[in-house]
Amino acid sequence: MNVIRWTAASALLAVANAASAQTPPPQNVLQLSASGTVVAQQDLLSMTLSTTRDGPDPAAIQSQLKTALDAALAEARKSTQSGQLDVRTGNFNLAPRYTRDGKISGWAGYAELVLEGRDLPRIAQVAGRITTLTVGNVGFALSREQRAKVEVEAQTLAINAFKQKADELAKGFGFAGYTLREVSVNANSDEPVRPRMMAAQAKSLASDAAVPIEAGKTNVVVNVSGSVQLK
């Protein structure tokens, strides 16, 4: 006498196999993609000012760095405004220097101050008034507000391009139209750090002169990809 034993797993597998046997594979499904690109003006400036100190006494170097950084902070804070000019300290480190035989020959210290915001002229003016640090790097990007706005524009372009392409391809294959099956939307932008001024140039400016800056542009791209059912 044969005994047939069913488990929950085997029952589910049987149901799945039966369903797959009854459901024909999808036909007349078209895979496609489209993109929308908007060229946006970079409106967020990040400027790093720094200084270095060398000497035999690490405590003295640390004190010198702190004095230079405190003076820079005091000057920058006079003009801070949230979102327009924000100030924060960057790297602050002190490291020994070694001779060839591994003995400490001295100490080197480094300190940074970062100015960041959307008010580019204000940041340039503040950087020019700071005399205890020099400009080491200038970079531009899109602010959160600008990015959100531009991504909506690029997304609209991408969706319209996707719909137009789907309609054209459907008619090209002899169908009256299509229905959307699935779709994914992804946004990206090309925002390389764009240094506009080196520290050596900054030192040659008058102490109250604004640091010369020039914002660039970046491409914000939204990609739409998915599948449609031709009908």
Side-chain angles (χ1 to χ4, degrees), residues 40-147 188-219:
Q41 181 71 43
Q42 294 170 321
D43 65 332
L44 182 66
L45 170 61
S46 179
M47 185 177 293
T48 302
L49 295 85
S50 63
T51 188
T52 59
R53 295 289 189 276
D54 295 282
D57 184 358
I61 295 175
Q62 181 171 304
S63 177
Q64 293 168 12
L65 291 175
K66 184 179 181 301
T67 298
L69 192 57
D70 285 344
L73 277 169
E75 181 61 46
R77 284 169 177 162
K78 297 176 183 177
S79 303
T80 57
Q81 182 181 351
S82 179
Q84 301 302 312
L85 170 56
D86 295 304
V87 181
R88 60 182 173 85
T89 56
N91 293 325
F92 189 108
N93 57 64
L94 190 63
R97 294 185 181 277
Y98 295 95
T99 61
R100 292 183 178 180
D101 56 2
K103 295 181 179 180
I104 295 178
S105 61
W107 294 80
Y110 177 79
E112 284 183 345
L113 180 70
V114 180
L115 309 177
E116 187 174 78
R118 297 192 301 271
D119 192 336
L120 276 59
R122 183 190 305 211
I123 296 173
Q125 289 289 345
V126 170
R129 293 199 301 268
I130 293 175
T131 58
T132 56
L133 307 177
T134 55
V135 178
N137 185 65
V138 179
F140 295 91
L142 293 180
S143 65
R144 183 179 303 176
E145 297 81 3
Q146 178 75 340
R147 177 185 293 278
N188 62 77
S189 61
D190 179 21
E191 290 187 351
V193 175
R194 305 182 63 178
R196 293 292 184 180
M197 183 175 181
M198 301 304 292
Q201 293 175 292
K203 292 177 182 179
S204 66
L205 295 174
S207 60
D208 59 347
V211 174
I213 55 173
E214 179 185 354
K217 296 182 179 181
T218 186
N219 292 329

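Note that the structure is predicted; figures quoted are calculated from it, not measured.
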Original post:
Taking all atoms of both residues into account, what is the closest heavy-atom pair of Lys217 and Gln42, and its distance?
Top reply: N-OE1, 3.8 Å
Review item, side-chain donor-acceptor pairs of residues 61-68, under 3.5 Å, at least two apart:
| unit_1 | atom_1 | unit_2 | atom_2 | d |
| --- | --- | --- | --- | --- |
| Lys66 | NZ | Asp70 | OD2 | 2.8 |
| Thr67 | OG1 | Ser63 | O | 2.9 |

Original post:
Which side chain to side chain donor-acceptor pair (under 3.5 Å) pairs, counting each pair once, include a residue from residues 85-94, with sequence neighbours left out?
Top reply: none
Original post:
Any side-chain heavy atom of Arg129 within less than 4.5 Å of one from Ser79?
Top reply: yes
**OP:** Search all heavy atoms of Ala72 against all heavy atoms of Leu133 and return the closest pair with its distance.
**Re:** CB-CD1, 3.5 Å
Original post:
What pairs of residues pass the salt bridge (Lys or Arg N to Asp or Glu O under 4.0 Å) test when at least one of them lies in residues 106-125, not counting sequence neighbours?
Top reply: Arg118-Glu145, Asp119-Arg122
**OP:** Tell me, please, which residues at least two apart from Lys78 pass side chain to side chain contact (heavy atoms under 4.5 Å, CB included).
**Re:** Glu75
Original post:
Heavy atoms, side chains only, cut-off 4.5 Å: are Leu73 and Val87 in contact?
Top reply: yes
Original post:
If you round to the nearest 0.5 Å, how far is OG1 of Thr51 from OH of Tyr110?
Top reply: 9.5 Å
Original post:
If you take all heavy atoms of Leu115 and Ala76, which pair is closest and at what distance?
Top reply: CD2-CB, 4.0 Å
Subject >> For Gly109 against Leu94, the heavy-atom pair lying closest together >> reply: CA-CD1, 3.7 Å
Original post:
Any idea which heavy atoms bring Ala40 and Gln146 closest together, and the distance?
Top reply: CB-NE2, 4.4 Å
Subject >> Met47 side chain near Val135 side chain, heavy-atom distance below 4.5 Å >> reply: yes
Original post:
Got a second to check how far Asn137's CG is from Ser46's OG, nearest 0.5 Å?
Top reply: 7.5 Å
Original post:
Any side-chain heavy atom of Thr48 sitting closer than 4.5 Å to one from Leu113?
Top reply: no
Original post:
Taking all non-hydrogen atoms of both residues, which atom of Ile213 and which atom of Ala124 are closest, and how far apart?
Top reply: CD1-CB, 4.0 Å
Original post:
Excluding sequence neighbours, so at least two apart, what forms side chain to side chain contact (heavy atoms under 4.5 Å, CB included) with Pro96?
Top reply: Tyr98, Ile104, Trp107
Original post:
Looking at CG of Leu49 and CD1 of Ile130, how far apart are the two atoms once the value is rounded to the nearest 0.5 Å?
Top reply: 5.0 Å
Original post:
Which pairs with one or both residues in residues 40-59 pass salt bridge (Lys or Arg N to Asp or Glu O under 4.0 Å), sequence neighbours excluded?
Top reply: Asp54-Arg97
Original post:
Got Leu120 and Phe140 here, is their nearest side-chain heavy-atom distance under 4.5 Å?
Top reply: yes
Original post:
Looking at OG of Ser143 and CD of Gln84, how far apart are the two atoms once the value is rounded to the nearest 0.5 Å?
Top reply: 9.5 Å
